[in-house]
Amino acid sequence: MLSGNKIGERALSDGMFVLLVIAAMISWAGTWASGKMIAGLAPVGTIVFWRFLISASCLFLIIRVTGERPVIPGAAWWGLLVSGVFYTC
């Protein structure tokens with residue numbers, strides 16, 4: 001089916017790769033659907049907070065399951081922090 005799937009330097013089994021792709025599709029679809037459903041029910045800041053919290057939790061779970069660590073240079077963390085703060089304002 002699928003062969004040679006790698007995250008970082010470690011090869012994933014075909015089943016694990018498929019599960020990760022399905023999890024990504026469901027989480028992406030879920031954010032659009034939930035965003036449309038609750039658009040008029042809560043303030044925008046609250047919706048953004050919960051959507052990003054759920055997305056970050058899913059990404060953290062995927063990182064824990066695969067055993068990989070994100071490879072982000074040290075200087076880039078400040079840019080991510082600043083963009084995250086200004087994006088939610």
Side-chain angles (χ1 to χ4, degrees):
M1 188 170 132
L2 300 171
S3 61
N5 302 309
K6 290 186 177 188
I7 293 181
E9 293 297 320
R10 197 171 67 181
L12 292 176
S13 68
D14 290 344
M16 178 61 101
F17 180 75
V18 170
L19 286 176
L20 289 173
V21 170
I22 290 171
M25 291 186 316
I26 289 171
S27 65
W28 188 320
T31 59
W32 280 102
S34 65
K36 286 185 175 187
M37 288 189 301
I38 62 174
L41 301 176
V44 174
T46 304
I47 294 170
V48 169
F49 170 78
W50 284 108
R51 286 178 69 188
F52 277 92
L53 181 67
I54 292 168
S55 298
S57 300
C58 290
L59 289 173
F60 178 74
L61 181 64
I62 289 170
I63 290 170
R64 294 290 282 172
V65 167
T66 60
E68 293 291 324
R69 296 188 68 199
V71 181
I72 301 173
W77 283 105
W78 287 107
L80 289 172
L81 177 67
V82 170
S83 64
V85 168
F86 286 115
Y87 184 76
T88 57
C89 292

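Nothing here was measured: the structure is a model prediction, and the numbers come from that model. Just the heavy atoms: all of them, side chains too, but no hydrogens, waters or symmetry mates, feed the values below.
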Item checked: Separation of Ile62 CD1 from Leu19 CG (nearest 0.5 Å) -> 10.5 Å

Checklist line | Results of side-chain contact (heavy atoms from CB on, under 4.5 Å) for Ala76 - residues two or more places apart only | finding: Ile72, Pro73

Checklist line | Co-membership, hydrophobic cluster, residues Leu61 and Ile54, 4.5 Å side-chain | finding: no

Check: Taking the hydrophobic residues Ile, Leu, Val, Met, Phe, Trp and Tyr, and joining any pair whose side-chain heavy atoms are under 4.5 Å apart, which ones share a cluster with Leu53?
Finding: Phe49, Trp50

Checklist line | Side-chain heavy-atom pair Phe17, Val21 within 4.5 angstrom cut-off | finding: yes

Check: So how far is it from Met25 CE to Ile22 CD1, rounded to the nearest 0.5 Å?
Finding: 5.5 Å

